[in-house]
Amino acid sequence: MTHAAQVDTGAVPASKTQESSRAPISRAMIGVGFLLVTLSYMVNAMDRQVFPPLLPNIRAEYGFSLEQGGLLATNFTLGMALAGLPAGYLLDRFRRKTVLLVSIVIYSLGTMATPLATGLADMTLYRVISGFGEGMQSAAIFAAIGAFFAHRRGLAFGVIGMGYSVGVFIAPLIGVRLTSMHGTWHTPFYLFGTAGLLIAAASLFLVKSGLTEHSAEKTVSTGTFEYMPASAYNRNTIALAVHSVTSGVAIYGFLGLYPTFLITSLHYSSGQAALAMSFLGFGGMTAVFGGWLGDRFNQRNLLIISLLAVSAISVCIYETHAGVGAQCAFAFLMGAFGLGFIYPNTNSAIQRAVRPAQIGRASGLFVTSYYGPAAFSGLLFAALVDSFGWDLAGLVQVTALPLAGALALAFVRPSQFNNAAR
């Protein structure tokens, strides 16, 4: 497929993207831009993950039930899902940098508005707005970086995933500490929202278009993609999307209520629960290694192994009632496989399952399929807990669902990926 063939209609012609990709950019500016993109994704993670460890405080202040708290802990992903496909459409037609900057501003303002909520309805709205911006940002980042680092897409996604995991690691610790110091859970939301706005301002000047507007077709080495399906929505992307749905519901249901499980079922203190939650982020820092493996080995098989590992770790978490040290170890492993291996490799695999001109739509499909059903994962998990208790609920949602995802991956054909050896 030639560059001319990839143009259909839209506000920005392909020639403009090509000009941006030819714009000179030094290695130093590539590094600075990539660092800012990673930092912005780290703040994205902090905005998301500061909520679960503070959920007991929030429930106490507003009188929310466990189901309402579970919904609030994960419903930001509904906004991410709503943003996914529209963002994919915009990314194929407008400057990725513009979408990126607008998205950071949206989720930062949504985060800062959360403490202003008067009840369930407006807090839900602020969380969904924040998620909408986060979904736009995710699609923009992975479309831009996936195009620029097409040969090392998995590794690049792994580095960004490590930045996300740093945010997951530090957000609970900072959030609980600030809440204890100031006597209110509002402070970390204002702090993290402000940090996002500052990074957006810096990115306006320091993230160059040569990094964000690169053409993937100029990077990949394969001469033709006629062996691939013409549609972005093909057998491979659909199977990967099904896997994304099951993984998102399992992992985000776990993330949203894991601190509540530790506090209410195992009687941990808030500090101990925050520590275990931080080990999730620590484990997610293995994303660099997970992405590196995905560039060198069969991604489908790597994902299947990771899903089986998540199921096994879930049994350990919910059935053994282990002490703090063991729970931290389990949390680390859950973060390693769930965030470090599954997330970056699912994201890069779904981009490899389409022709290079379609990576914007592939990125949007991933965001929608992964985060859409996950919006209700906390509500589902809480309902299961109320009906069956924590042990059986964990087995149903966090053990069984990854096995369904592994079954869906059996239909993926890596020989039809755009990086397949021909």
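The basis for the numbers below is simple: all heavy atoms, side chains too, and nothing from hydrogens, waters or symmetry mates. Position 1 is the first residue of the sequence, and the numbers go up from there.
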Treating [X] as the side-chain partner and [Y] as the backbone partner, does any N or O pair qualify as donor plus acceptor under 3.5 Å?
X: Gln68; Y: Leu120; answer: no
X: Asp47; Y: Asn44; answer: no
X: Ser369; Y: Phe366; answer: yes
X: Glu319; Y: Cys316; answer: no
X: Ser377; Y: Gly253; answer: yes
X: Lys97; Y: Ala140; answer: no
X: Ser103; Y: Leu100; answer: yes
X: Asn418; Y: Gln351; answer: yes
X: Tyr62; Y: Asn57; answer: no

Inter- and intrachain pairs under side-chain hydrogen bond (donor to acceptor under 3.5 Å, both in side chains), touching [range], at least two apart:
range: residues 393-414; value: Ser314-Thr399
range: residues 166-189; value: Glu61-Trp185
range: residues 284-313; value: Asp295-Arg352, Gln299-Asn345, Gln299-Ser348, Gln299-Arg352
range: residues 256-266; value: Tyr258-Gln327

Checklist entry - For the atom pair CG (Leu303) and OG (Ser244), what is the distance rounded to the nearest 0.5 Å? => result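 Interatomic distance, Leu303 CG to Ser244 OG, rounded to 0.5 Å: 9.0 Å.
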Checklist entry - Out of curiosity, Thr114 OG1 to Leu54 CG, how far, rounded to the nearest 0.5 Å? => result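 The CG atom of Leu54 is 11.5 Å from OG1 of Thr114, to the nearest 0.5 Å.
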Next on the checklist: According to side chain to side chain donor-acceptor pair (under 3.5 Å), who are the partners of Thr346, at least two apart in sequence or on a separate chain?
Outcome noted: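 Thr346 satisfies side chain to side chain donor-acceptor pair (under 3.5 Å) with His243 only.
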Item to check | Which residues share a side chain to side chain donor-acceptor pair (under 3.5 Å) with Ser40, sequence neighbours left out | outcome: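 Per chain and number, Ser40 pairs via side chain to side chain donor-acceptor pair (under 3.5 Å) with Gln137.
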Checklist entry - Between Tyr190 and Leu116, does a side-chain contact (heavy atoms from CB on, under 4.5 Å) hold up when you go through it step by step? => result CA-CA 10 Å; Tyr190 294 136; Leu116 304 178; 3.4 Å; yes
Can you sort out the partners of [X] under side-chain contact (heavy atoms from CB on, under 4.5 Å), two or more places apart, ordered by chain and number?
X: Ser278; answer: Phe169, Pro172, Leu173
X: Val385; answer: Leu66, Phe381, Trp390, Ala393
X: Met42; answer: Leu39, Met46, Val166
X: Ile106; answer: Val102, Ile129, Met136

Checklist entry - So which pairs with a foot in residues 125-145 pass salt bridge (Lys or Arg N to Asp or Glu O under 4.0 Å), sequence neighbours left out? => result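 Every pair satisfying salt bridge (Lys or Arg N to Asp or Glu O under 4.0 Å) with a residue in residues 125-145: Arg48-Glu134.
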Next on the checklist: For residues 241-259, which residue pairs pass the salt bridge (Lys or Arg N to Asp or Glu O under 4.0 Å) check, not counting sequence neighbours?
Outcome noted: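 Passing the test, one end in residues 241-259: no pairs.
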Item to check | Identified side-chain contact (heavy atoms from CB on, under 4.5 Å) partner of Ser108 from the options Ile104, Thr111, Val105 | outcome: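 Result: among Ile104, Thr111, Val105, Ile104 is the only option passing the side-chain contact (heavy atoms from CB on, under 4.5 Å) with Ser108.
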For the residue pair [X] and [Y], what are the closest heavy atoms and their distance?
X: Ile313; Y: Phe330; answer: CG2-O, 3.5 Å
X: Leu302; Y: Gly294; answer: CD2-N, 3.8 Å
X: Val50; Y: Gly175; answer: CG2-CA, 4.0 Å

Next on the checklist: Just checking Phe157 against Phe142, ring centres under 6.0 Å apart?
Outcome noted: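 Centroid distance Phe157-Phe142: below 6.0 Å, so yes.
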Checklist entry - Tyr370 and Tyr343: aromatic ring centres closer than 6.0 Å? => result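 Judged by ring-centre distance (under 6.0 Å), Tyr370 and Tyr343 do meet the cut-off.
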Checklist entry - Under 6.0 Å from the OH atom of Tyr126, do we count more than 12 heavy atoms belonging to anything else shown? => result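 Yes.
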Checklist entry - Parallel, tilted or perpendicular: which describes the rings of Tyr164 and Tyr41, with under 30° parallel and over 60° perpendicular? => result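 Tilted, since the angle between the ring planes falls between 30° and 60°.
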Next on the checklist: For a 4.5 angstrom cut-off between non-hydrogen side-chain atoms, does Leu240 reach Leu409?
Outcome noted: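 With C-beta onward as the side chain, the pair touches.
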